[in-house]
Each structure stands twice: as structure tokens, then as C-alpha cells.
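Please read all numbers here as calculations on a predicted model, not as lab measurements. We name chains A, B, ... by the order of the sequence lines, and we start the count at 1 in each one.
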Amino acid sequence: MDGFFSLAIDNLGSPLILSFVLGTVAALARSDLSFPEAAAKAISVYLLFAIGFKGGVAIAPYGLDVNLFSALIAGVVLSAVVPFLAFGLLSVMTRLDRTNAAAVAAHYGSISIVTFVAGTSVLTSQGMSSEGYMVAVAAAMEAPAILSALWLISRNGSSRMDAGLWREILLNGSIVLLIGSFLIGLVTGEEGMREIEPFIGAPFKGVLCLFLLDMGLIAGRGIRNSRGVLTPGLFAFGLVMPVIGASLGLLAGSLIGLSPGGLFLLAVLSASASYIAVPAAMRVAVPEADPGIYLTLSLAITFPFNLTLGLPLYLMGASAISGGLS
Amino acid sequence: MDGFFSLAIDNLGSPLILSFVLGTVAALARSDLSFPEAAAKAISVYLLFAIGFKGGVAIAPYGLDVNLFSALIAGVVLSAVVPFLAFGLLSVMTRLDRTNAAAVAAHYGSISIVTFVAGTSVLTSQGMSSEGYMVAVAAAMEAPAILSALWLISRNGSSRMDAGLWREILLNGSIVLLIGSFLIGLVTGEEGMREIEPFIGAPFKGVLCLFLLDMGLIAGRGIRNSRGVLTPGLFAFGLVMPVIGASLGLLAGSLIGLSPGGLFLLAVLSASASYIAVPAAMRVAVPEADPGIYLTLSLAITFPFNLTLGLPLYLMGASAISGGLS
Amino acid sequence: MDGFFSLAIDNLGSPLILSFVLGTVAALARSDLSFPEAAAKAISVYLLFAIGFKGGVAIAPYGLDVNLFSALIAGVVLSAVVPFLAFGLLSVMTRLDRTNAAAVAAHYGSISIVTFVAGTSVLTSQGMSSEGYMVAVAAAMEAPAILSALWLISRNGSSRMDAGLWREILLNGSIVLLIGSFLIGLVTGEEGMREIEPFIGAPFKGVLCLFLLDMGLIAGRGIRNSRGVLTPGLFAFGLVMPVIGASLGLLAGSLIGLSPGGLFLLAVLSASASYIAVPAAMRVAVPEADPGIYLTLSLAITFPFNLTLGLPLYLMGASAISGGLS
Amino acid sequence: MKLYDAKRVAIIIEAPMQERLTDAMEQAGVTGYSVLPVLAGSGKSGQWSADDSIGRAGGLVQVICIVRPEAIDQLIDHAFPLVQRHIGIITIADCQVLRPELF
Amino acid sequence: MKLYDAKRVAIIIEAPMQERLTDAMEQAGVTGYSVLPVLAGSGKSGQWSADDSIGRAGGLVQVICIVRPEAIDQLIDHAFPLVQRHIGIITIADCQVLRPELF
Amino acid sequence: MKLYDAKRVAIIIEAPMQERLTDAMEQAGVTGYSVLPVLAGSGKSGQWSADDSIGRAGGLVQVICIVRPEAIDQLIDHAFPLVQRHIGIITIADCQVLRPELF
Ligand SMILES: Nc1ncnc2c1ncn2[C@@H]1O[C@H](COP(=O)(O)O)[C@@H](O)[C@H]1O
Ligand SMILES: Nc1ncnc2c1ncn2[C@@H]1O[C@H](COP(=O)(O)O)[C@@H](O)[C@H]1O
Ligand SMILES: Nc1ncnc2c1ncn2[C@@H]1O[C@H](COP(=O)(O)O)[C@@H](O)[C@H]1O
Ligand code: NA
Ligand code: NA
Ligand code: NA
């Protein structure tokens, strides 16, 4: 556990996490500090583009190989299976009705790309590398959870799906951007990287600080508005579920033989909960589910937990397993 | 033609063009990927400021000389004359009525600054330099085409011009910003450049990638909405006209003795079609013209053509002519 | 005075000031050049974060010491006292009624963080350093002036204050962001700086150029709309008051023994007039005061004066005093 | 100048439903509509604000549509089933227009 | 489909007053409202535009609220003292709604 | 509280025409107006969206103006020639205000 505490303190003392804390505190204190929605949207495009591109560049020398496919399959399976676990856990730990429980479950099967980005940044700080194609895995994990959740609601999820929704889920902006920039990185390789490194490389961490400041503001407002929504059971779920998700991620990752860094990132993806793609899909397909519940859990409980304590914990786990395997 | 293919492949394989392609594909596939309008506006201010400033810095050691004025005159003449050619071509190739044809013609006389910026970035990749004052030429070419088109509509264009419109056309934001930052670069020179290079220099290409991603989204949506608007004749016009414009630009540029890089940029300016300044002026002065036609042609046909195939083609042309002249 | 002219010319010839001038000229000429509100807001978050963080990093090796507290007290006193002076001066120089005079006075006691940022950038150009905690002083000076002004209006200012207003004033976004990022810088120190320097360090000046371009646009529009609002007396006040404020700042700063750089920055803070926090508070607490008067004075007269002539003047003053003292 | 009676229909709905709603309106024969942004709001499900959300999932938009009085029933028949399960606050108000041929 | 009468109240007010206004509205028993952005405007105190201001101090917002007709008096009684000293342009218009249970 | 009758005029027009329109309104004696953003829309000339355009050329704005009932004719007379050739969708609706002295 010594390793965990030193990792956790490292993590909590980084400008990234402190910026997030600043945002959270400001929102809890009801400061009027705010970050314009348009700027946050633009930064998220930047982050997705940068992370996808770097992933592509990283594997450009090797090309797409079979490991990518096994990782993709692992991701899809995780995304599809985790909602069932989450749903079961919710029915034990909380009194959510079937619809709300399934909606929440969808979020935990899917992923939070910012948590993933923060994870890659922890890896860099630790001087560890990871499989470049993990960004493609991230993209692949966005959608399957939604289908699982819709099936949970109606045993016949397709009744809630129209053609439009299929397209919206599969061609969701962040999926397209991640995959697209991944391919661009793959095609242009190191040469492309040299051209745009001063934009997507060096300043990346600083930009992420501002983004996490905004995420902190959003999480803090979420916490403030959570009175009356968050029962102790839900709260506990929001902390336990990511750890379960991470464990599954570690398991799946070690089965397919990922590197320690890749193992960590798969755990992070599996632990993280969506707050963009899945809420939008729920709005359309399951409007009777209460956004107050699923957004609060995902944004105000699980995201901060993962960012602060989860990342060092999962890194410990990944190192332990890799150590054990090697 | 060997040179053309290798240039074209170089160009098509650059992160810039691939980002544009990604945006186009995302929009055609009806992904909900989007880039906030405010951020795109801010980036365009950044691009104009950076390009103007660099132009000014480049000629700071020499000051304004007579070549600048001959280049400005060449630009103004090109901008004023091209609409007549375009109008003639449209009346041969399409069935547009007089008003719509003139409105389209105005766009082709004027310029697209992003195409110009992409052109400068191609030059940099090829290790070629150009006259710093070409940005001033770009600014000078924005407006004259509008007057030609208004004259074409009413043989007495002034009846459609009020004092406000004159001011809006001549003090259009991008003209003012280009000229202003050009002068700032001229005044502050290398010393000013050193201070702000890490903002306007190194990250420039990466920022341009994001902007072209957004342009791709816009072009793609334009293509999607073009059903029913785009006849084969119009489509062909959108591909032929830029080549004619570029040829005129090469001719004019070689008459005034521009360097190969400058020649290329004048061809690019002449080939490019406006989608900001001219549409706004048409909205005010020629509201009966259909924006669906002129915006689709300019944004969804000519811009992508210039960006992908046009740039290498015009560079070939400029090299050939310069080689022939030298 | 030789020193002043060379400093002033240095300052006026920098890309920062020229960008501001460009914006002003564009707005006066009624160009439609504009910068999106959301982008300006995002950049101001960036600037506050960067300046606060750098301040924290600068004192990280030393920690918080007693000098910080004497500087904070000096700042609070300046902010609280200057409004009385301003109020007196206004009643001599202008015919503003009590309410409007007090509202204007509040702005001059409080501060403009952009003026402060421009001041730090002048220091850097001159190779001078300053106390890192000056950003904390800046934060401390935002609010006290508001209380003084409310007291001036009703001799019982509290009648205009509700609990919400107290919170809004004290937890104002820019105060929270400055203090928060200052603390982050303090905690993470040089190591944190290394991680995010490529974002908040190198490109800082270039970003500030764009921001000042926007400030110029706003100031220019303010000047254009000032017809009928600005009497000669008010205009003169807008030029005289900052010089008085700066003098008080120099006095206070030399009493507490600040370095030349710190002295200069305290003078700049004291000379500058608020245009964000105080107007918002006045809207709520003193709605009968005319925003046309206080915003015009602060944004269209005093801000440009400080930026162009004030900064070199105050730097001269600070150097003279420090020279005299040493 | 002569004024003609018309109806102004305003529908507040979740942003991700916007396209479905306008598609339904087009099927109802509506010739035009405009979409306005909504910054923030409050209702039975609590408060929200555009600045609180990443992505538009949390946000609302307001779709405004001027129609001839006689077109109102058909519009409602097409739009209602869609908004019913969603937030979908529909208001209808009388107004007057200058150029009836536009609608 | 049956339509029910309601009132549409629109209040244009300084952005820094938004929260105070909506608090007052909630005290008046209003169950929901939406806030719309305002870009620019002109009035006795001259012209303004969102692009002219840094921060929201200079800007306005429009708060829109659909209420049952009988709730209007209470709403006005609570909101009026607050807006009286401010810009506070209140307009009330008749409208019709489909689902009266929402208000 | 006593309510006074007024008219709410809303004009949707191309963004580049905004200033010309408000100038004309001021000439018609209008004392105040507000400009609201429009995000997207559809009409006879097809669909558009603010995100589809660079610059404001493609976009629309909505100008809203509360006036006394008797001022409506003059307003229309001044505004109509200007909007006639443009998109210019003008709607006029009855409303009530609290402080008639503001208009
Ligand atoms: N009476 C109302 N008037 C205006 N907007 C409302 C009203 N009720 C609800 N809304 C809007 O609809 C959203 C969702 O409402 P609800 O489903 O009641 O939580 C709110 O956040 C408001 O933006
Ligand atoms: N008659 C009106 N109709 C619509 N908006 C108005 C009207 N009068 C004032 N406003 C808005 O309220 C703001 C302040 O008005 P005033 O207090 O008269 O300067 C203006 O800038 C407009 O945005
Ligand atoms: N009936 C309508 N109701 C609301 N907005 C409309 C209507 N008709 C047109 N518009 C708006 O005006 C724009 C241009 O309309 P049009 O000239 O018919 O293409 C559309 O894109 C809409 O934003
Ligand atoms: Na997950
Ligand atoms: Na051209
Ligand atoms: Na001050």
C-alpha cells in the first residue's frame, strides 16, 4: 500500500488534479466562476483529436495487428457486460426502478474519455508507455453498453431504437473524432507528428488543466444539486462500481496480454462512466429515466473518484498484475 | 505530370488535408460531430492575425516598395475581372438567371483566406518562400469582385449600394485584421516575432488542422444539402472556374515578376472563392439571389477542390512558369 | 523624462499595444471585426490561471511570509481609500449626482486584471522581476472598493447588501481563479511549472495580443457610444484619477518596502479601474447608476490610458522611487 | 397595412430530440421553423444550465414556428406523440403577420 | 386535441439579477422557467451588445415562464418589487398549452 | 396590479441586415428593442445552422420590440420596405405590460 499512497499523493499534487479540485471548490462555494460552453466543447475536440492522433502515430511503425483486434473485442465485451453487473448491483444497493437502474448501468458500461486522457497523462508522468491503439478501444467501448441497457429495459431493446438512434450512437462525434484522428496519425506517422507537435503535444497538459477546471465546476454544481437525489446507496454505488469495473478491465487486459500501461488504461476505461454519449442516447430512447440520477452519479461521484483515487489505485493494480505475470 | 502526382500525394497525406477529409466524411455520414461557431470564429481571427503578422515581419527588413504596389494592382484587377469571366462561363455552362449568376461570379473574383493559408503552409512544407506582402494582396482582392457583380446585375451597381454597404465591404473584419496585423508585423519586425512566435508560429499548423476539420464538417453538410441545387453544369463550373482563375493569377503574377512562391499564392487567391465577405454582402445587396447556390458552389465544391487537387496543380504551374522564365 | 519617452515608445511599439490599437481603430471605423464573447471569456480564464499560477510558482521556494501580509493589507487599504478620493475629485470636476459618482468611484478603487497582466509583461520585457504574491494582492483589491462606494451612497451601505451580494463580491470568479491558481502554483512549484509551461508560459504574450485586440474593439465601441455621456470633466477625471491612484500605490508600496517591480505593479493595480466585477455588483446594488458612465470611463478612457502611457509612467515612477530609496 | 392572423407555436424540447421534432413538423406540412438556444432552466426535474453540461445532452432548445391558423391541428397531431414522453412544452399563441404567403 | 389556456410571462433583466429573479419566482410558486440569451439591445440607456462586454455584467437575459392564468397575480407580486428598480421588462401574453398538468 | 396593453413585435431577419433594421426602427420612434440569437432553421430556401457557417452571413437573428399599440402602424411602415426583399418574418402579438412608461 506504500506504493498506492505515494502514487496517490503524486497524483493529487499534480496541477491537473488541483485544477479539478479548484473548480469543484469554486462551484461548491457558489462562486460565479464559469467556463463558456463553446470553449469547453472546442477543448474537448482538441483533446480527442490530440489523443487519437498520438495513438495512431504510436502504432504507425507497426501497423494494425492482431493484438489491436483482441483488444477491441475485449473492450466491446467489457462495455456490453458491465451494465448487467451494474444493474444487478443497483438492484441490491438501491431502490431505483428498472428503467432508472438500466439507464445508470448504461453509463458505467460506456466510458469517459477525459478520465482516459487523465490516465494517459499519469502514464507519461510515470514514464510508462502503452499500446497506441488503446484510443481505438476507447472508441469501441462507447456504444455497446447502451444496447445492453436498452435490452435490460424492455427485453426487446430494439423497440426503443429507431434508425436515427443507431446512427447517432455509432457515429457519435467523439467516436468519429477518435477513430478519425487515430487513422490520420497512423497514416502521417512521425512526420505528421513533427508538424503539429507544438500544438497537440507540448501544450496538451496545460490545456487539460483548464478542461479539468471546468469539469470541476460541473462536478461541483452537480454535487450541489444532488440533495434529494443521492441516497447513501447510490453514493456507495458510485464509488464501488468503478472499482469493480476496473477489476474486470484488469482481468480482461491480462487475458489478452496487454502491457502494464495498456492494462492500466483498459482498467481506467472500464472503471469510467460516460457523461456525454450515453446521456444523449438516454434522452432520446429512455426519456422517462431521470437525468438527475445518472448525470449526478457519473459526473459528481464517479468521475471525481476515478480522477483522484481511482487512477493511482488502478495503476497499482496494473503494476501488481504485470509484475505477477512477468 | 510526375511532379504533380508526387505533390498531390504529399498534400493529400498531410495532417491538414486529412483533417479536412475527416470533417467531410463525418458530415456526409451524418455524425453529430461539431465544432462550436464561437471557437471557429476565434480560430479564424487567430489565423488571420498570424498570417498577417508573419507577412509584415517578412518584409520588415525591406519596407514597402514598388513591387508591393504592382502586386496590389494585379490583385485588384484580377478580383475585378474574374467575375466577368465567371459570369460568361456560367451563362454558357448553366441556366442560372442573371442575378444568381452575378452573385456566384462575385464569389469567384473574391478570395478564400483559408485556401491562402493552406497555400502558405504547402510552401513551407516545400521549403519555398514568398513575398511577405502577399497577405496585403489577399486583403485587396476581397472587395473589387463585389462591385463588378453589382454592376453586372444592374449595369448601375451603385443603386444597390448604400453608404453602409460600402463601409461594410471595405472595412470588412478580415480585411482590417489582415492589413492591421500586417502593419503590426512590419513595425515590430523580428523582435515582435520573437515575443509571440510560440503562439502564432509553432502551433500554427496544428490549429489549422482543427480549423480544416471544421471546414470539412461545413463542406460536408453543404454537399449533403446540395441535392436539388447542384446541376451538373454548376458542378462542372465549380471545378473549372478555379483552374481558369489560377491561370489568370499565374499570368498576372509572371507579368509583374513575382517569385515562384508569390506566383503560386497569387494563383491560389485567384482560384479561390469567397464564403464569408461576399455572401454577407450579397445578403444585403442581392437578397433575391439564392445563398444555397453560391454557398454550395464556393464551400462544397471549389474549396475542397482547391485544397486537395488545386494546390499541387497551381504549385506545379508556378514552378513551370518560373522555370520557363528563369 | 528621457527615460519616459524611450519606455513609452518601447511600450507603444510592442505587438501587445499595437494589437490593442488595431482593435480600437477597427471599432472606431465601424468595421465589423469582432471576437466571440465565449472566446474572450475563455482567454480571460486562461490569463488569470496563468498569472496566478506563475505567481504561486515564483514564491514556492520561499513560502508565504510576512511581506505577503503587509502587501495584502496595503492593497486592501488602497482599494478602500481610493474611492473616497475619486468621489471627492468627481464632485469637484464633474456634475455627477451622488449615486453615479459613488458608482464610478468604486471602479477606480478596484482593479483591472488585464492592466495588471500587461504590467507584468512590461516587467518581463525590461528584465525586471517582482514579488510573486502580487497576484494575491490583485485579488484582494477587487472587492473593498465596492463597500466604500456603497457606504458613500447610503452612509449605511449594508442596506444595499444582501447575503447573495456579499458572496458574489467575495467569491467573484476572478478572485477565486487568481487565488486558486496561485495556490496551485505554490503547491506544485517548479515541477508543476515544467509540466504546463508550454501552455501558460511561452504562448502567453501572443494570447494576450489577441485579448488586447478584443479589448481594443470593446474600448473603441465604448468611445463611439460615449457621445453625450462624456463631458470634458469626466474625460479629464478618467486621465487624472489613474495617475493619482498610481501615486498612492507607489507611496503605499514604498512604505512596505516592495521591490521596484512590485512597486510598479502595486501602482498599476491602484491606477487601474475595474470593468468586470464592479459593474456586475453595481447592476445589482445600485441599478439606478448609469452603466454608460462608469463603463465608458473605465473601459474607454482609463484602460487605454493606462495601457499606453500609464504603464511607462508608473514604471518610471517606481524606478525613481526605488533608486531614491536605495 | 393589412395584417393576417396566424399562430406562433413554441416548443421547448431536449436538444437531442431537435431533429426528430423538426422532421415530424416537416411531415406535418410546416414550411418553416427557427431554433432558438435556451441557456438554463428549472422544472420538476430540477435546475440545469448549459454551462453545467458537456455536450448538448443536458440542454434544451426552443423551436419556433409560425403557421396559418388552419394548420395548427395537423401540426399538433404530428408533433404531440413525439414530445409526449419528453419535456416537450408546447405553447400556441395568436399573432398577426404581414405576408401570409410566406407560411 | 384539447387546448388549455395559460399565460406566457417573459422578463428581460440584467444578467447579474437572473438568480434573484428566479429565486423570487420559485417563491411565488412557479414550477418551471427557461432562460434565453439576449445578444444585444437598445433602450433609454443606449445601445449594448454581448460582444462589447467582458463578463456578463453588461448583458441581459430573458426569463420565460409558462403559468396557469390564475397564478399570474402571485407571480407578479413576487417578481415586481425585484425588477422595479432594474431594467425588468415584463410582458404577459395569452397562450394555449396541451398538457396543463405540467404547469 | 394594473396591466396595460402593448404589442410584441418579433422580426426574424438575416444577421447582416440587423443594423439596418434597428436603424429603421429607431427612425420609426421605437424606444427600445432586444436582439436574440437564432441557432438554426428551415424554410423555402432550405435548412441552415449557425454551426454550418463561417461568419454570420448565413445566420439569422430575431429582433424583439415591445411597443404601445398605437405605435404599431408607424413601426410597420418603416420596417416593412426594408424587410420586404429579405427573409424578414414579422409577427405581431398582443401582450400586457406593467410599466407602460417604459415604452
Ligand atoms: N413552466 C415552464 N415555463 C418555461 N419553461 C419550463 C417550464 N417548465 C419547465 N420548463 C423548462 O423545461 C425544463 C424541464 O422541465 P421539467 O421536465 O419540469 O424538469 C426546465 O428545466 C425548463 O427549462
Ligand atoms: N421596448 C423594448 N422592447 C424590447 N427590449 C427592450 C425595450 N426597451 C428596452 N429593452 C431592452 O432593455 C435594455 C435596457 O433598456 P433601457 O433601460 O431602456 O436602456 C435595452 O438595451 C434592451 O435590450
Ligand atoms: N414559418 C416559419 N416560422 C419560423 N421561422 C421561419 C418560418 N419560415 C422561415 N423561417 C426562418 O426563416 C429562414 C429563411 O426562410 P426561407 O426564406 O423561407 O428559406 C428559415 O431558415 C427559418 O429560420
Ligand atoms: Na466504463
Ligand atoms: Na478568386
Ligand atoms: Na484601482
Novice: Under 4.5 Å from any heavy atom of chain B, what part of Val187(A) do you find: side chain, backbone, both or neither?
Specialist: side chain
Novice: If you count heavy-atom pairs under 4.5 Å between each of Leu33(B), Ile43(B), Leu213(B) and chain A, which one has the most?
Specialist: Leu33(B)
Novice: Counting heavy-atom pairs under 4.5 Å to chain B, which of Ala42(A), Pro36(A), Gly192(A) comes out on top?
Specialist: Ala42(A)
Novice: Side chain, backbone, both or neither: which part of Ala38(A) has a non-hydrogen atom closer than 4.5 Å to chain B?
Specialist: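 Contact with chain B is through both the backbone and side chain of Ala38(A).
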Novice: Are Leu208(B) and Phe199(A) packed together at the side-chain level, in the sense that at least one heavy-atom pair is separated by less than 4.5 angstrom?
Specialist: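 No. Closest side-chain heavy atoms not under 4.5 Å.
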Novice: At a 4.5 Å cut-off on heavy atoms, which part of Leu18(B) comes close to chain A: side chain, backbone, both, or neither?
Specialist: both
Novice: Return one line per donor-acceptor pair between chain B and chain A under 3.5 Å, naming both atoms and the distance rounded to 0.1 Å.
Specialist:
from	atom 1	to	atom 2	distance (Å)
Arg30(B)	O	Arg167(A)	NE	3.3
Ser31(B)	OG	Leu171(A)	O	2.6
Asp32(B)	OD1	Gly173(A)	N	2.6
Ser34(B)	O	Lys41(A)	NZ	3.0
Ser34(B)	OG	Lys41(A)	NZ	3.1
Lys205(B)	NZ	Glu195(A)	OE1	2.8

Novice: Within a strict 4.5 Å, meaning less than it, do heavy atoms of the Leu22(B) and Leu177(A) side chains meet?
Specialist: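 Yes; the side chains approach each other to less than 4.5 Å.
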Novice: Is any side-chain heavy atom of Ile196(A) less than 4.5 Å from a side-chain heavy atom of Val207(B)?
Specialist: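 In short, these two side chains do not touch, never coming nearer than 4.5 Å.
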